[in-house]
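Just follow the structure's listing: the first ligand is 1, and inside any ligand the first atom is 1.
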Amino acid sequence: MNVLIIGSGGREHAIATSMKKSKRVDKLYCVPGNAGIAQIAECNPSIGVMEFDRIVEYAKEIKPDLVFVAPDDPLVGGLVDKLEAEGFKTFGPRKNAAILEGSKAFSKDLMKKYNIPTAAYETFDDADKALEYLEHADMPIVLKADGLALGKGVLICNTLEEAKAGVKEIMLDKHFGDSGNRMVVEEFMTGREVSVLSFVDGKTIKTMTSAQDHKRAQDGDKGLNTGGMGTFSPSPFYTKEVDEFCKKNIYQKTVDAMAAEGREFKGIIFFGLMITDKGPRVLEYNARFGDPEAQVVLPRMKNDIIDVCEACIDGTLDKIDLEFEDNAAVCVVLASEGYPVKYDKGFPIKGLEAFEGKDDYFCFHAGTKLSDDGQILTNGGRVLGITAKGADLREARKKAYEATEWVSFANKYKRNDIGKAIDEA
Ligand code: AMP
Ligand code: GLY
């Protein structure tokens with residue numbers, strides 16, 4: 001088979017790496033890809049993920065047997081529908097199902113209607129009404145821009161003043177563009193956060209091993225929210241009891257709710273969960289693999305990813321026995337100093353060859369590119385996702401941090417406490 005992957009980050013490199021292992025894959029293509037993906041796939045860096053017509057044109061040229069759409073923007077924008085209409089077998093939710101991630105108001109209303117546990121909330125289209133509501137609300141409180149906002153449209157406000165400023169930022173100043181035309185105001189929850197990703201074929205859901213992300217830029221969960229600075233899998237806080245609760249009250253219920261709404265979901269549902277003292281609650285849904293969750297979950301998956309993707313498309317996921325290795329993985333992101341605000345890029349990356357031939361170590365490229373003379377340069381805020389597998393989380397963590405020393409570039413920055421929470425488990 002020839003497979004085309006849409007996307008360019010560490011997640012896409014992890015997906016490509018999994019597909020490369022499949023006996024069924026002859027050739028991989030990626031749009032736009034990055035310097036790491038280019039080592040295992042033919043990349044077309046001139047096409048952007050939102051250039052649907054050009055993607056279709058390219059697909060007609062290379063004739064892939066399967067297209068995998070990885071990022072949120074093209075999924076929410078309807079790229080899967082567009083490719084399917086042209087006859088391409090495509091993995092990912094259609095536009096009417098990707099709304100599960102594309103609109104926080106939609107997902108909250110769905111959870112309310114189908115009794116899926118989540119934080120209490122109100123939705124506002126009008127800034128004055130939101131301000132009036134906030135005058136009487138308990139603090140802290142959470143404000144969420146309705147639409148996609150690069151993972152940054154969530155504000156946790158400790159005081160009424162902060163909340164008022166938040167309404168201005170989201171609804172009036174339109175910091176997150178049209179995503180802020182509507183806003184969800186949500187009860188603040190405390191607890192342990194866990195991500196559970198799952199494959200879904202419209203009816204059947206198979207969950208993957210759990211993971212935990214570190215969203216803030218600095219050690220001790222300080223600093224600004226980022227796309228994710230590192231992950232570990234499995235989460236020791238995702239106990240059997242939590243799993244049983246979620247299986248009963250969250251996972252299948254979500255899939256059935258989408259089907260009942262006429263929005264059959266095929267692809268990946270990412271459940272962002274908060275394990276509160278009242279039990280697990282849904283923080284958010286994503287309609288795709290997480291980044292950098294994919295970098296710790298996929299290396300532990302035993303199945304051929306192509307078999308699983310096809311089963312999702314064909315509606316035969318009930319026939320798949322989804323299996324994960326009985327070990328652990330940790331991913332530490334090497335970023336450009338200054339990320340997520342302002343940073344320089346274009347620096348040569350040295351030491352990448354150290355990962356060659358080592359089965360337990362992965363260097364997933366996120367923001368990298370090839371220079372005209374063939375050097376690999378930094379090309380983004382998140383540059384590399386250094387991942388290692390170990391017998392347990394402690395060993396995986398030790399190995400991942402060791403491997404972060406194998407590579408160097410001018411403004412290399414990382415958090416030093418990825419997976420530290422495992423010491424508290
Ligand atoms: P989201 O994009 O909805 O996952 O929100 C980003 C982050 O904000 C989450 O990973 C949580 O850390 C935090 N967050 C979102 N909603 C809540 C909530 N209701 N209570 C507490 N923290 C939240
Ligand atoms: N790591 C969080 C996300 O991909 O949304």
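Protein neighbours of ligand 1 below 4.0 Å, counting non-hydrogen atoms: K104, V142, K144, V154, I156, E186, E187, F188, M189, E193, K215, M274, L283, E284. The residues lining ligand 2, counting any heavy atom closer than 4.0 Å, are D213, G227, N286, R288, G290, D291, P292, E293.
Between F289 and F270, the distance from one ring center to the other does not fall under 6.0 angstrom. A centroid separation of 6.0 Å or more is found between the aromatic rings of Y413 and Y339.
A cation-pi arrangement is absent between K412 and F347, since the terminal nitrogen or guanidinium carbon is not both under 6.0 Å from the aromatic centre and inside a 45° cone about the axis.
T276 contributes no side-chain N or O that, together with a main-chain N or O of G191, makes up a donor-acceptor pair within less than 3.5 Å.
Taking the six-membered ring for Trp and thresholds of 30 and 60 degrees, F362 and F364 have nearly parallel ring planes, at less than 30 degrees apart. Ring pair F91/F68 is parallel by interplanar angle, where below 30° counts as parallel and above 60° as perpendicular.
Shown here is K21, whose NZ atom has more than 12 heavy atoms of other residues, nucleotides or ligands within 6.0 Å.
A salt bridge between K240 and E244 is present, with a side-chain N of the basic residue lying under 4.0 Å from a carboxylate O of the acidic one.
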Stepwise side chain to side chain contact (heavy atoms under 4.5 Å, CB included) check, L66 with I313: CA-CA 10 Å; L66 175 70; I313 297 170; 3.6 Å; yes
